[in-house]
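The structure displayed is predicted, hence computed values, not measured ones. Note: hydrogens, waters and symmetry copies are ignored here, and every other heavy atom, side chains too, is used.
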Amino acid sequence: MPPTPVISALSVARLDVGHHVGVDRLIPIGAATLTAELRGPRVFFTLDSCVLQPSAPADGLLSWLEGPLTREGATIAGYRLDDDAALLDQLPGAEWSPCIRAIAGCGQLYALNLTASRDGEPLTFAQACANIGILCAPVDPGHRFAAWLRSDVSAIARDVQVDAIAVFRLVIRRLAALNPVGRSIAAVLSNHLAAWLGETDHPAAQAHVADLLSAAD
């Protein structure tokens, strides 16, 4: 992965609409990004999310994603980005969406598609995080479905933000495993991320602070 001045870690919130009838049917209802921007010797982080209300136009999610995912010189990182692209491709207006092309690696931006496996079997995002001790949001499909129907999207927004931070921590782990240059970049990013997590008041960030502190004990 080449160093770029901007790295945007993406997480997409899924709603399992077939959960109660035993059908595998997921739809995207939101997303979060953690963007790190290098400005001189400092790294600035921006955590943001968009979760659609049940009555909101579905193409609003793609419009929102164009902001953080179409910046010139950015690297888009996600776990199984191809799955994210396929999921978002269900939305109205997807055929014209520059952010889906970027996520799929078809645009001018660099896409880092994180994957992991164990004993030759692919791991889910939750399994990959658990495998290396990184916090991600536990999701109960039934509870999420009920919350969304009630337009109670605050918990969903927090969950998808927790996962965006987890994706960024996976990026740091990937960089550290590459080579000596990657390890030095990872160390810098890790230090800046830890400092930002400790300073921001985002509930999702504070959850990762607690996770990092428990890992250090």
Taking the side chain as every heavy atom from C-beta outward, state whether Glu37 and Thr46 have any pair of such atoms under 4.5 Å apart. no
State, yes or no, whether a side-chain contact exists between Pro122 and Thr115 at a heavy-atom distance under 4.5 Å. no
Other residues, nucleotides, ligands: >12 heavy atoms within 6.0 Å of Glu72 CD: no
What distance do Arg101 atom CZ and Asp89 atom CG have between them, rounded to the nearest 0.5 Å? 11.0 Å
Could you go step by step and tell me if Arg14 and Asp84 meet the salt bridge (Lys or Arg N to Asp or Glu O under 4.0 Å) rule? CA-CA 10 Å; Arg14 292 153 164 77; Asp84 289 339; 2.8 Å; yes
Would you say Gln206's side chain and Thr200's backbone share a donor-acceptor pair under 3.5 angstrom? yes
Is there side-chain contact between Val12 and Leu87, with at least one heavy-atom pair below 4.5 Å? yes
Under a single-linkage definition using a 4.5 Å side-chain heavy-atom cutoff for Ile, Leu, Val, Met, Phe, Trp and Tyr, are Phe45 and Ile185 assigned to the same hydrophobic cluster? yes
Tell me whether Asp59 contacts the main-chain N or O of Gly93 through its side chain, where contact means a donor paired with an acceptor under 3.5 Å. no
Applying ring-ring contact (aromatic ring centres under 6.0 Å, His included), can you list everything that pairs with Phe125, at least two apart in sequence or on another chain? Tyr79
So do the side chains of Arg173 and Ile132 get within less than 4.5 Å of each other, counting heavy atoms only? yes
Distance alone, cut at 3.5 Å: any donor-acceptor contact between the side chains of Thr35 and Ser8? yes
Check Pro98 against Glu66 and note the closest heavy-atom contact, atom names and distance. CD-OE2, 3.4 Å
Looking at residues at least two apart in the chain, or sitting in another chain, which of them share a ring-ring contact (aromatic ring centres under 6.0 Å, His included) with Trp64? none
Sub-4.5 Å side-chain heavy-atom contact between Pro68 and Asp48: no
With clusters defined by side-chain heavy atoms of hydrophobic residues (ILVMFWY) lying less than 4.5 Å apart, directly or transitively, does Val188 cluster with Leu170? no
Check Asp211 with Arg169, please: is the shortest side-chain N to carboxylate O separation under 4.0 Å? yes
Does either side chain, that of Arg80 or that of Asn113, offer a donor lying less than 3.5 Å from an acceptor on the other one? no
Run through Asp159, Asp16, Asp152 and flag the one making a side chain to side chain contact (heavy atoms under 4.5 Å, CB included) with Arg144. Asp159
Are any of the side-chain heavy atoms of Ile7 and Phe168 separated by less than 4.5 Å? yes
Using modelled atom types and a 3.5 Å cut-off, is there a donor and acceptor pairing between side-chain atoms of Ser117 and backbone atoms of Gly120? no
Provide the closest heavy-atom pair for Val43 versus Ala36 in the form atom of the first, atom of the second, distance. CG1-CB, 3.8 Å
Examine distances only and state if a side-chain atom of Asn179 and a backbone atom of Val181 form a donor-acceptor pair shorter than 3.5 Å. yes
Please tell me whether Val139 and Val51 are part of a single hydrophobic cluster in this structure, the criterion being side-chain heavy atoms less than 4.5 Å apart. no
Hey, does the side chain of Gln161 reach the backbone of Ile156 with a donor-acceptor pair shorter than 3.5 angstrom? no
Minimum heavy-atom separation for Leu62 to Pro92, with atom names? CD1-O, 3.8 Å
Shared hydrophobic cluster, Leu197 / Phe44 (ILVMFWY, side-chain heavy atoms < 4.5 Å): no
Please name the pair of heavy atoms, one in Val167 and one in Leu10, separated by the smallest distance, quoted to 0.1 Å. CG2-O, 3.6 Å
Treat each ILVMFWY residue as a node, draw an edge where side-chain heavy atoms are under 4.5 Å apart, and state whether Leu114 and Ile165 are in one component. yes
Is there a side-chain contact between Leu61 and Pro28, using heavy atoms and a 4.5 Å cut-off? yes
For Val209 and Gly198 the tightest heavy-atom approach is CG2-N, 4.0 Å
Considering only Ile, Leu, Val, Met, Phe, Trp and Tyr, and joining two whenever side-chain heavy atoms are under 4.5 Å apart, list the other residues clustered with Leu135. Val162
Sub-4.5 Å side-chain heavy-atom contact between Ile172 and Leu193: yes
Would Asn191 and Trp196 count as a side chain to side chain contact (heavy atoms under 4.5 Å, CB included) here? Give the steps. CA-CA 9 Å; Asn191 290 337; Trp196 175 78; over 6 Å; no
How long is the span from the SG atom in Cys99 to the CG atom in Leu88, to the nearest 0.5 Å? 6.5 Å
Could you report the tightest heavy-atom contact between Arg158 and Ala207, atom names first, then the distance? NH2-CB, 3.5 Å
